[in-house]
Number of protein chains: 2
Amino acid sequence: MMTAAAERDPFAGAAPWADRLLMKLRQRDDIDAEEEAALRSIIEPPQAYPARRVIIEEGEPLERSALLVEGLLARFKDMRDGQQQISELHVAGDFADLHSFTLKRLDHGILTLTPCRIGWVGHDALIAMFERFPHLGRLLWFSTNLDAAIHRAWTVSLGRRDAVARLAHLLCELQVRLEIVGLADPTGYPLALTQNDLANCLGLTSVHVNRVLRELRERELVTFRGGHVTIADRAGLCDLAEFSADYLFLEKRPR
Amino acid sequence: MMTAAAERDPFAGAAPWADRLLMKLRQRDDIDAEEEAALRSIIEPPQAYPARRVIIEEGEPLERSALLVEGLLARFKDMRDGQQQISELHVAGDFADLHSFTLKRLDHGILTLTPCRIGWVGHDALIAMFERFPHLGRLLWFSTNLDAAIHRAWTVSLGRRDAVARLAHLLCELQVRLEIVGLADPTGYPLALTQNDLANCLGLTSVHVNRVLRELRERELVTFRGGHVTIADRAGLCDLAEFSADYLFLEKRPR
DNA sequence: CCGCAAAACTAACCTACGGCAATCTCATTC
DNA sequence: GAATGAGATTGCCGTAGGTTAGTTTTGCGG
């Protein structure tokens with residue numbers, strides 16, 4: 001069953017690289033077939049990028065946004081003294097820099113942490129789509145506000161949780177976000193990060209992340225080894241982290 | 001000169017409580033007279049709230065958003081052990097919880113730190129306005145993305161700056177944000193916060209904030225006393241904080 | 001002008017995490 | 001299968017900031 005939009009665009013209706021984005025959005029609101037086709041049609045076929053490549057430089061003028069199709073991306077900021085802070089991790093299905101649609105440039109860089117596939121979307125195509133489907137505009141606005149909610153959760157972690165709870169909280173967050181897009185099962189998920197990457201997310205040093213990982217392992221809560229997170233005691237982990245998924249807005253509602 | 005929208009609504013064209021919001025938005029993009037009238041017309045006359053009142057509870061269903069007309073608001077989260085973390089401060093002219101337009105509830109509470117005046121805006125009125133003026137929709141989307149950029153700056157502070165630089169950075173941020181809405185002169189600004197409030201922003205204790213304020217005073221960079229921030233050496237302060245206003249997106253551009 | 005509470009300030013001590021350096025593990029390449 | 005290098009791991013010690021427990025100052029209602 002093809003919609004009008006789908007017939008005009010040879011990619012629409014197909015474009016499987018938008019699948020995880022749709023899973024993510026449909027967790028929060030209904031999207032009808034016409035909207036789906038419109039959304040799929042504006043996302044260009046994904047391009048591959050190697051790990052550890054800065055794909056968007058801080059300040060660079062932007063006329064398109066990046067839909068992460070596969071891999072892990074980080075929003076990061078480098079300090080004078082060589083330290084780095086990551087302000088958000090992005091998983092498949094995330095629009096990593098939809099913020100640039102209104103900001104026109106970013107206040108931070110975006111970096112691949114693993115090999116990635118990215119489908120670009122032109123800002124002009126977004127404007128056209130929003131004129132026809134204001135509801136999709138609100139949904140993507142929602143998704144940037146969801147990023148802001150994640151930022152706030154990280155702020156709370158960095159400000160008020162100790163290193164153990166902070167790491168536990170991050171692992172809980174990723175568990176939920178990856179489950180939504182079908183990349184985690186209830187016992188854990190693949191996570192191709194180094195301990196140093198985790199340190200850059202958590203405002204710690206890699207040495208201390210190592211100590212904390214050992215503690216979490218010894219307390220039989222989680223194991224992170226060989227690029228895989230195995231959650232041994234989910235309830236215990238959430239409790240330690242004071243984690244609640246409320247800030248991820250998983251309920252389906254008209255937005 | 002009255003526009004069509006202004007003639008329909010007795011408050012439009014007047015509604016001076018939207019002045020600072022307009023100053024803030026016009027710093028980033030042009031707004032024509034018709035848009036201005038539409039925006040003014042949907043903001044209800046401000047209501048007064050005393051200091052230290054939670055005006056929005058975490059999770060509460062929301063059908064309107066708060067434009068801060070006067071005073072200081074905080075987005076906050078309380079921890080099990082009684083600690084509090086503030087994830088953003090809002091000054092006059094800020095839409096404090098425009099995020100709830102798409103989120104429908106908040107992942108945090110909103111609290112008055114000083115006596116405040118707030119003009120409420122119904123979400124239905126926003127939808128109607130956006131249908132007629134998509135450009136205003138993008139501008140307000142921009143303003144939620146600006147909040148996200150501020151969140152990221154705080155994340156970097158909390159993760160990678162020591163207490164002195166962290167406090168200095170916050171004081172720099174407020175200087176710029178208050179200047180935009182005409183509430184700071186180049187030498188400083190009124191700031192009716194306690195040292196404990198600052199501690200809750202910075203992930204510190206009030207005791208340590210006190211020590212750090214003394215250090216900043218002794219280094220002749222800033223003084224915070226009697227609810228007023230006096231900047232003695234702006235360049236030195238920015239340098240210490242590694243502060244750049246880039247993340248506040250002060251340039252005027254079509255959004 | 002007094003009495004009171006909240007906030008500011010100080011000092012002595014304590015601890016979570018950083019800094020540094022050495023060693024270990026493991027995957028990759030020739 | 002030896003050589004290499006990135007990342008993981010551990011131990012020791014230093015320090016930024018927390019904790020506790022005060023004292024002092026400020027603002028304010030009566």
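Proteins come first, then strands; the chains are lettered A, B, ... in the order of their sequence lines, and each starts at number 1. Owing to the predicted nature of the structure, the values given are computational and were not obtained by experimental measurement. Side-chain atoms are counted along with the backbone in the values below, which use heavy atoms only and exclude waters and symmetry mates.
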Next on the checklist: Heavy atoms from C-beta onward define the side chain here; which of D:dC12, D:dG7, D:dG18 lies closest to that of A:R211?
Outcome noted: D:dC12
Next on the checklist: Under 4.0 Å, heavy atoms only, any strand: does B:L204 hit a base, just the sugar-phosphate, or nothing?
Outcome noted: sugar-phosphate
Item to check | Approximate separation, where rounding is to 0.5 Å, of A:L73 CG and A:I118 CD1 | outcome: 5.0 Å
Item to check | Residue-phosphate contact under 4.0 Å: B:T205 side-chain N/O, D:dG18 OP1/OP2 | outcome: yes
Item to check | Whole-Å gap separating C1' (D:dG18) and CZ (A:R160) | outcome: 11 Å
Next on the checklist: Over the length of the helix from C:dC1-D:dG30 to C:dC30-D:dG1, how much do the five-pair end axes diverge, rounded to 10 degrees?
Outcome noted: 50°
Checklist entry - Rounded to whole angstrom units, what separation is found between the CG atom of A:D162 and the C1' atom of D:dA16? => result 16 Å
Next on the checklist: Determine whether A:H90 and A:F76 satisfy the following criterion, ring pair (Phe, Tyr, Trp, His ring centres under 6.0 Å), listing intermediate values before the conclusion.
Outcome noted: CA-CA 11 Å; A:H90 283 294; A:F76 73 97; over 10 Å; no
Checklist entry - Considering only D:dT10, D:dG17, D:dT9, which nucleotide approaches the side chain of A:R214 most closely? => result D:dT10
Checklist entry - A:R217 CZ to D:dA8 P: how many Å, rounded? => result 11 Å
Checklist entry - Is NZ or CZ of B:R177 both nearer than 6.0 Å to the six-membered ring centre of B:Y189 and within 45° of the ring axis? => result no
Checklist entry - Would B:R211 and B:E215 pass as an ion pair if we require N to O under 4.0 Å? => result no
Checklist entry - So where does chain A start and stop touching DNA chain C, 5' to 3', when the test is distance under 4.0 Å to a non-hydrogen atom? => result C:dC17 to C:dC20
Next on the checklist: Any base atoms under 4.0 Å from A:R52, or only sugar-phosphate, or nothing? Heavy atoms, all strands.
Outcome noted: nothing
Next on the checklist: On DNA chain D, compare the nucleotides closest to B:V164 and A:F224; which residue's is nearer the 5' end?
Outcome noted: A:F224
Next on the checklist: Nearest whole Å is fine: how far is D:dT19 C1' from B:H208 NE2?
Outcome noted: 13 Å
Checklist entry - Which is true for A:G203 with a 4.0 Å heavy-atom rule: it touches a base, it touches only sugar-phosphate, or it touches nothing? => result sugar-phosphate
Next on the checklist: Donor-acceptor pair, distance only, cut-off 3.5 Å: does the side chain of B:R28 make one with the backbone of B:L248?
Outcome noted: yes
Checklist entry - Can we say B:R234 and B:E220 salt-bridge, meaning some charged N sits less than 4.0 Å from an Asp/Glu carboxylate O? => result no
Checklist entry - What is the distance, rounded to the nearest whole Å, between atom CG of A:N210 and atom P of D:dG7? => result 14 Å
Next on the checklist: Do the side chains of B:R152 and B:D147 get close enough for a salt bridge, i.e. N-O under 4.0 angstrom?
Outcome noted: no
Item to check | B:Q195 CD - D:dT25 P separation (whole Å) | outcome: 15 Å
Item to check | Test item: A:T112 side-chain N/O and A:R53 main-chain N/O as donor-acceptor pair under 3.5 Å | outcome: yes
Checklist entry - Atom CG of A:N200 and atom CG of A:L113: how far apart are they, to the nearest 0.5 Å? => result 9.0 Å
Checklist entry - Which sits closer to the 5' end of DNA chain C, B:V207 or B:L193, going by the nucleotide each is nearest to? => result B:L193
